[in-house]
Amino acid sequence: MSTRRNRASRAPPGAPKASVRGTDCRTRAPPRAARGSAGGGPSRTFGVEQDTRQTRANGQDFLGAMAPAPPRFRGLSGAPRIPRLQFSGSHVTDGIAKDRLEKLHALRAAGQDPFPARVPRGRPVDQVLAELPTRMGETATVAGRLGQVRDFGKLRFAHLQDRTGTIQIGFQRERLAAFWPDRKLLEGNDLVSVTGELGTTQKGEPTLWATEVVLAGKALRHAPEKWHGLQDTEQRYRMRYVDLFANPEVRASFSKRSAIVREVRAYFDSLGYLEVETPILQPIFGGASARPFRTHHNALDMGLFLRIAPELYLKRLIVGGMERVYEIGRVFRNEGVSTRHNPEFTMLESYEAWADYRDVMARVEGLFAHLVAKILGGDGKVRFREREYDLMPPFQKARYLDLFAQQNPGVDWFDHASCLRRAKDLGLATDGIEPAKLANDVFEATVEDTLQGPVFVHDYPVAISPLAKRLVEDPRVTERFELFVAGMELGNAFSELNDPIDQQQRFEEQVAHKLANEHDDETPGEVDVDYVTALEFGMPPAGGLGIGIDRLCMLLTGSQSIRDVVLFPLLRRVDPAAAAGDGSTPAP
RNA sequence: GGGGGCGUAGCUCAGCCGGUAGAGCAGCGGCCUUUUAAGCCGUAGGUCGCAGGUUCGAUCCCUGCCGCCCUCACCA
């Protein structure tokens, strides 16, 4: 950096601030294949100067239309020394590339706006690529992020990426005489708008031969390594924005998630379900067994919980006669994190009046048939954790107690003594665990791993199904099923309890249980009287369903961890001072 | 919370038995008019996660802490 001393001619102080792609330029520009920028914004063109009149771009001199001559800048050589930017103490400056900062200063010094409000935005890259073979030689504009720039003599190549794809940009001195001396102010990872001529290279790669380059946004940080992308899992999650542009497969996964959610909606919409939104801030939490997050409303001076499930509100809507409702929304559970658990996750819940759990089972199969058709393209096969699964319905069905008996011969689920023996044989914790819970622990320890599925496990014992109706033929069990795939619980459904007296009793038992167990923070401390009141007005028999959208997305995208389908998974906060490495981490 | 692993340049990674650190990419200065993980020559870049300890000497050994990953537990 010591040799950059030669003084380049810069614009005199009184010169116009910058070149403007104004009307005079525009009127003489060749017809664009693409629609130009939004209405004559003051986006600036690189290094336009008087001698561009000699520039031939596709036989036309449209750059030459620029007048008056804007300030000229010559890379870093002409830029004054500008003190390094000062960031506030909390800003992590580690990743800022000094050379990029200097280029930014050079651009500013030359009157160029490194962050213009608008530039010619052009058209989606995939469209341009599709039309290219039949429109060779025509002009097109694209906008996006530059990949690595490859210098080759008086040529430069780089790929430009937008949300639809990637196209190669070719920079030729002959077509870009004005831009050429300043080409190094533009570098990989910068955001640009490029207008050029459609063509190919000698090897036939579709290429946009640039005739005009406009910086749309300067990148002050280097892109991750081109070949490996961003690998470090922690950085991928903390800096998802980098992960997304550096790793195409990540972008693809989240596009797929979007499509999955869209198709889930489409499926329920097509059946006449109403999509609704119910409270996330709830004075009493319920509808599942989980520890809640607590919060507080200041104006009302009221303690609130973030919902652990929308269930009780959705069933109020069934009472209200909406009959078919669903909600796709975030729920919050104050529990551990793992590859399958994020403290906030997205749940689908649906309720349908005049339906029972058999009907709901059919809905689930219908949903999967729809997703197979729309997401997997008709083939229901999906690879997940080294195995292949066939998601094409119908699915296997198996009774809970039958599965239990198969894996635990001679053990009676309802007999505590025999379950206790079995649990001890399996090495499970048994102290202070209630009989029903213990029996279910035995089930989970012996059966769940075998549920590669997809399989509906149905008719769960009453004791572990507090919100479901009993089966008439066998009152020990309920009209409830869960859907398992890859040993993972994907969905839970039952014929909803609509007896207000029974419901009131079950709530009271819960509260009593909580009072007896001071460590029980999963149970609300009071009965949801309003919900019982709703049931007292009469709720039709109804089938309800809950599906973990994140896990569904894991399955359909083949993701190992829930964090690969959640854009911004919860991570422990890194102290800014510690991250900056100044050793001033405050004491806890 | 328990167990295991990891943390080195902006990124991807080496670093042996303890002797104050290397490569590739990105960057910077050059050469090259059809490159595409371009190539070649040159150059710059580091609080080795943080803090202690052992040692003449610590990226390396020990302890504690921070963060992430895997796993178990809780849960969907």
Side-chain angles (χ1 to χ4, degrees), chain A residues 1-4 75-76 93-100 102-103 147-159 166 168-175 184 187-189 199-205 207 209 219-239 242 246 288-291 308-309 331 333-343 345-349 428-429 437 441 444 482-484 488-492 522 546-552 554 560-563 569 571-575 577-585 587-588:
Chain A
M1 299 192 177
S2 54
T3 55
R4 285 184 216 130
L76 297 180
T93 54
D94 285 358
I96 303 264
K98 297 176 186 66
D99 49 283
R100 285 179 180 260
E102 288 178 14
K103 288 176 185 181
Q148 189 193 352
V149 176
R150 302 180 294 276
D151 249 320
F152 194 94
K154 298 298 176 284
L155 279 176
R156 309 192 103 192
F157 294 98
H159 278 87
T166 303
Q168 175 163 271
I169 309 294
F171 301 87
Q172 269 180 316
R173 191 170 63 175
E174 288 81 359
R175 292 176 200 251
K184 293 201 169 176
E187 56 200 322
N189 210 24
T200 64
T201 60
Q202 287 175 4
K203 289 186 179 168
E205 169 155 2
T207 299
W209 294 101
L220 294 183
R221 293 174 188 256
H222 295 304
E225 210 229 7
K226 63 187 174 203
W227 187 243
H228 297 94
L230 189 65
Q231 292 295 313
D232 182 76
T233 47
E234 182 172 356
Q235 288 216 58
R236 288 188 44 229
Y237 299 151
R238 286 195 193 280
M239 305 175 92
V242 179
S289 164
R291 275 189 288 275
I308 57 171
V331 300
R333 300 192 180 177
N334 206 338
E335 284 158 359
V337 299
S338 77
T339 48
R340 297 171 199 209
H341 301 85
N342 196 53
F345 63 100
T346 302
M347 178 107 108
L348 159 75
E349 283 199 13
L428 301 178
K437 165 91 169 93
D441 286 348
E444 290 180 358
E482 293 198 355
L483 174 63
F484 284 87
M488 192 162 68
E489 185 189 334
L490 268 190
N492 185 13
E522 295 189 1
I547 286 183
I549 292 291
D550 310 87
R551 288 183 175 179
L552 180 66
M554 285 172 68
Q560 302 290 309
S561 167
I562 196 169
R563 295 182 202 99
L571 296 179
R572 206 179 287 270
R573 182 178 174 186
V574 180
D575 186 274
D582 64 3
S584 64
T585 307

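Residue numbers begin at 1 in each chain, while the letters A, B, ... track the order of the sequences. Hydrogens, waters and symmetry mates play no part in the numbers below; they use all other heavy atoms, side chains included.
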Roughly how many Å apart are [M] and [N], using the [atom1] atom of each and rounding to a whole number?
{"N": "B:rA9", "M": "B:rC25", "atom1": "C1'", "value": "12 Å"}
{"N": "B:rC50", "M": "B:rG67", "atom1": "C1'", "value": "11 Å"}
{"N": "B:rG7", "M": "B:rG49", "atom1": "P", "value": "8 Å"}
{"N": "B:rC61", "M": "B:rA76", "atom1": "P", "value": "43 Å"}
{"N": "B:rG53", "M": "B:rA44", "atom1": "P", "value": "35 Å"}
{"N": "B:rC72", "M": "B:rG64", "atom1": "C1'", "value": "25 Å"}

Return the set of residues passing side-chain hydrogen bond (donor to acceptor under 3.5 Å, both in side chains) with A:R333 (not counting sequence neighbours), or none when no residue passes.
->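 With sequence neighbours excluded, A:R333 shows a side-chain hydrogen bond (donor to acceptor under 3.5 Å, both in side chains) to no residue whatsoever.
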Can you measure [X] atom [atom1] to [N] atom [atom2] for me and round it to whole angstrom units?
{"X": "A:D99", "N": "B:rG27", "atom1": "CG", "atom2": "P", "result": "8 Å"}
{"X": "A:E444", "N": "B:rC72", "atom1": "CD", "atom2": "P", "result": "13 Å"}
{"X": "A:I562", "N": "B:rC74", "atom1": "CD1", "atom2": "C1'", "result": "15 Å"}

Between A:Q172 and A:R175, a side-chain donor and acceptor under 3.5 Å |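 Side chains of A:Q172 and A:R175: pair found under 3.5 Å.
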Does [X] place a side-chain N or O at less than 4.0 Å from the phosphate oxygens OP1/OP2 of [N]?
{"X": "A:R238", "N": "B:rC68", "result": "yes"}
{"X": "A:R333", "N": "B:rA76", "result": "yes"}
{"X": "A:K184", "N": "B:rC28", "result": "no"}
{"X": "A:S338", "N": "B:rC70", "result": "no"}
{"X": "A:K226", "N": "B:rG10", "result": "no"}
{"X": "A:Q235", "N": "B:rC68", "result": "no"}
{"X": "A:R221", "N": "B:rG10", "result": "no"}
{"X": "A:R156", "N": "B:rU34", "result": "no"}

Apply side-chain contact (heavy atoms from CB on, under 4.5 Å) to A:T201 and list each qualifying residue two or more places apart in sequence or on a separate chain.
->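 A:T201 satisfies side-chain contact (heavy atoms from CB on, under 4.5 Å) with A:F157, A:Q168, A:K203, A:E205, A:T207, A:W209 once adjacent residues are dropped.
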Describe the nucleic acid contact of A:D232 in one word from base, sugar-phosphate, nothing, applying a heavy-atom distance below 4.0 Å.
->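 The answer is sugar-phosphate, as A:D232 gets under 4.0 Å only of primed atoms, P, OP1 or OP2.
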Return the nearest nucleotide to the side chain of A:R291; candidates are B:rU34, B:rC74, B:rU35.
->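 Closest of the options to the side chain of A:R291: B:rC74.
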Could you tell me whether the side chain of A:E205 has a donor or acceptor atom within less than 3.5 Å of a complementary atom in the base of B:rU36?
->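 Yes, a donor-acceptor pair under 3.5 Å.
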Side-chain (A:R340) to main-chain (A:R551) donor-acceptor, under 3.5 angstrom =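 A pair under 3.5 Å: no.
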